[in-house]
Amino acid sequence: MSQQKPLMEVLEEVSLRIKQLEAERDEAIARAQAREREVTELVSLINRAASKLEEMLEFERTSKAIQPKPIDLPTPYPDMELFHEFSADPERAPRERTPNGSDQRPA
């Protein structure tokens, strides 16, 4: 009977080890499933971002296509001395405008 006791102890140890391994396996499966869900969510997020980017790029392309072409506006007169500032008061003499923007009274 003394030989059976060590055998029983060995069987109990093996049984405990099997249970530990099963628990570790179940935890690993649960972690793998959680990672799989995270990957699925990330793929979905990336797809939504790509779709939104494509939508923005399409809007940019269409808005450029419907924008009017720039118009060539006439350039301002290079010689500002040609212009005079006039007053509504007929007694007041017109002032000449200098290129730097200051007013001068005629002499």
Side-chain angles (χ1 to χ4, degrees):
M1 189 150 168
S2 62
Q3 290 179 352
Q4 287 181 347
K5 185 171 183 185
L7 181 58
M8 289 299 285
E9 287 177 12
V10 169
L11 289 175
E12 286 178 19
E13 289 175 6
V14 168
S15 175
L16 286 174
R17 183 66 181 142
I18 289 173
K19 288 179 183 177
Q20 287 175 341
L21 291 172
E22 287 174 344
E24 288 176 12
R25 179 200 63 199
D26 293 343
E27 288 177 22
I29 289 171
R31 282 194 306 269
Q33 289 171 342
R35 296 294 181 262
E36 188 175 335
R37 282 190 300 274
E38 289 174 0
V39 167
T40 302
E41 290 173 10
L42 287 172
V43 167
S44 175
L45 181 63
I46 289 169
N47 287 336
R48 282 187 288 166
S51 174
K52 187 65 175 178
L53 178 62
E54 184 61 37
E55 183 181 313
M56 291 167 62
L57 290 174
E58 182 63 29
F59 176 77
E60 182 72 18
R61 284 190 290 266
T62 58
S63 66
K64 282 184 180 179
I66 62 174
Q67 279 185 339
K69 299 288 183 202
I71 299 172
D72 289 332
L73 297 175
T75 57
Y77 290 97
D79 189 8
M80 291 298 291
E81 293 175 2
L82 298 175
F83 296 101
H84 299 281
E85 183 179 295
F86 293 97
S87 170
D89 183 6
E91 299 296 319
R92 188 169 162 206
R95 294 182 296 180
E96 289 188 13
R97 305 277 300 172
T98 60
N100 65 4
S102 64
D103 295 336
Q104 294 179 350
R105 293 267 179 209

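Both backbone and side-chain heavy atoms feed into the values below; hydrogens, waters and symmetry mates do not. In this chain, residues are counted from 1 in sequence order.
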> In Å and rounded to the nearest 0.5 Å, what is the CD to CD distance from Glu55 to Glu58?
Replying inline: 9.5 Å
>> How about CD on Glu36, more than 12 heavy atoms from neighbouring residues, nucleotides or ligands closer than 6.0 Å, or not?
In response: no
>> With rounding to the nearest 0.5 angstrom, report the CE to OG distance, Met56 to Ser63.
In response: 11.0 Å
>> Please report the interatomic distance OG1(Thr40) to CG(Leu45), rounded to the nearest 0.5 Å.
In response: 12.5 Å
>> Assess whether a salt bridge exists between Glu38 and Arg31, defined as any Lys/Arg side-chain N lying under 4.0 Å from an Asp/Glu carboxylate O.
In response: no
> Hey, what do you get for CZ (Arg17) to CD (Glu13), rounding to the nearest 0.5 Å?
Replying inline: 11.5 Å
> In terms of side-chain geometry, is the basic nitrogen of Lys19 or Glu22 positioned less than 4.0 Å from the acidic oxygen of its partner?
Replying inline: no
>> Please determine whether residues Leu21 and Ile29 belong to a single hydrophobic cluster, defined as Ile, Leu, Val, Met, Phe, Trp and Tyr linked transitively by side-chain heavy-atom distances below 4.5 Å.
In response: no
>> Measuring from atom CD1 of Ile18 to atom CG of Leu11, what distance do you get when rounded to the nearest 0.5 angstrom?
In response: 9.5 Å
